[in-house]
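For reference, the structure is listed below as structure tokens.
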Amino acid sequence: MADNARAKKLADLIREVVAEKLQRGIKDPRLGTHVTITDTRVTGDLREATVFYTVYGDDEERASAAAGLESAKGILRSAVGRAAGTKFTPTLAFVADALPENAKTIEDLLDKARASDAKVREASSGAAFAGEADPYKKPGEDEAAE
């Protein structure tokens, strides 16, 4: 079992090598510049690596990018093996990152909150205080009234 620092170091190396190879070494038009590697995680025994990616585009482009990554898996794994210099090159599994969907959900919730705040601000713009403008008693007011 490897320590966590070694797994983290290998994960960072895999992320860099895969991103570089996708940008410059793979000629598959399905991948192009639309694929972004967001994170990489390696198991404790350094045998399996999960590479998280996002794709800029619609569902069709995401599906074609997933197929392109699956077909380029062997080339990417051999590039990782050359760069890592370890006894065993980890197997690569590509997983679409849920980050854009989560960000969109959060943006939608923030938009709803802004709209609600705007309604409250609009409703309270012409409102007046209940009671006097200054409801607090000041010292000396009782004595002046007598």
Side-chain angles (χ1 to χ4, degrees), residues 1-139 141:
M1 192 67 130
D3 60 355
N4 287 338
R6 186 170 179 199
K8 174 78 171 126
K9 190 174 179 181
L10 182 62
D12 290 342
L13 177 74
I14 290 171
R15 186 180 68 241
E16 290 172 13
V17 169
V18 168
E20 181 71 25
K21 193 71 173 170
L22 285 176
Q23 186 177 20
R24 294 204 172 102
I26 307 254
K27 304 288 190 240
D28 193 342
R30 296 176 291 185
L31 299 175
T33 58
H34 299 294
V35 178
T36 303
I37 304 300
T38 56
D39 193 19
T40 307
R41 295 188 186 145
V42 178
T43 58
D45 60 356
L46 306 179
R47 295 284 181 160
E48 299 173 9
T50 305
V51 180
F52 295 93
Y53 68 94
T54 59
V55 178
Y56 181 73
D58 58 358
D59 290 335
E60 182 181 320
E61 289 176 349
R62 287 186 192 109
S64 80
L69 286 171
E70 282 299 315
S71 70
K73 189 183 285 189
I75 296 169
L76 295 172
R77 185 173 180 220
S78 62
V80 167
R82 279 192 300 275
T86 56
K87 183 177 180 180
F88 181 80
T89 303
T91 59
L92 300 178
F94 292 97
V95 176
D97 200 353
L99 185 68
E101 290 81 18
N102 291 344
K104 183 169 177 10
T105 303
I106 290 171
E107 274 302 317
D108 291 343
L109 291 173
L110 288 173
D111 288 341
K112 286 181 185 177
R114 284 186 198 106
S116 174
D117 288 348
K119 284 181 184 177
V120 168
R121 196 174 304 114
E122 185 180 309
S124 67
S125 65
F129 291 107
E132 300 173 15
D134 188 10
Y136 300 104
K137 290 186 179 182
K138 296 183 177 63
E141 279 186 358

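Hydrogens, waters and symmetry mates are skipped; everything else that's a heavy atom, side chains included, is used.
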Should the pair R15-D12 be classified as a salt bridge under the 4.0 Å nitrogen-to-oxygen rule?
-> yes
Kindly give the heavy-atom pair with the smallest separation between P90 and I14, and that separation in Å.
-> CG-CD1, 3.8 Å
Donor-acceptor pair, side chain of T38 and main chain of F52, under 3.5 angstrom = yes
Taking all heavy atoms of E61 and all of Y56, pick out the closest pair and write down the distance.
-> OE1-O, 3.2 Å
Electrostatic pair R114-D117, nearest N-O below 4.0 angstrom = no
Full working for salt bridge (charged side-chain N to carboxylate O under 4.0 Å, His left out) between E107 and K104 | CA-CA 5 Å; E107 274 302 317; K104 183 169 177 10; over 6 Å; no
Minimal non-hydrogen separation, G81 against T89, with atom names = CA-OG1, 3.3 Å
With a cut-off of 3.5 Å and sequence neighbours excluded, list every side-chain donor-acceptor pair involving residues 118-128.
residue : atom : partner : partner atom : Å
S124    : OG   : V120    : O            : 3.1
S124    : OG   : R121    : O            : 3.3
S125    : OG   : E122    : O            : 2.9

Separation between OG1 of T40 and CD of E16, rounded to the nearest 0.5 Å | 9.5 Å
Of the non-hydrogen atoms in L10 and A84, which two are nearest, and what is the gap between them?
-> CD1-CB, 3.9 Å
With rounding to the nearest 0.5 Å, note down the distance linking CG in D39 to OH in Y53.
-> 14.5 Å
CG on D111 to CD1 on I106, rounded to 0.5 Å | 12.0 Å
Grab the two heavy atoms, one from V35 and one from A65, that are nearest each other, plus how far apart they are.
-> CG2-CB, 3.9 Å
Here the gap from R47 atom CZ to F88 atom CZ, rounded to the nearest 0.5 Å, amounts to 4.5 Å
Ion pair D108/K112, N-O distance below 4.0 Å = no
Of all heavy-atom pairs linking I75 and K21, the shortest is CG2-CE, 3.8 Å
Could you state the interatomic distance from OG1 (T36) to CD (Q23), rounded to the nearest 0.5 Å?
-> 10.0 Å
Interatomic distance, CG@L22 vs CG@L69, rounded to 0.5 Å, equals 6.0 Å
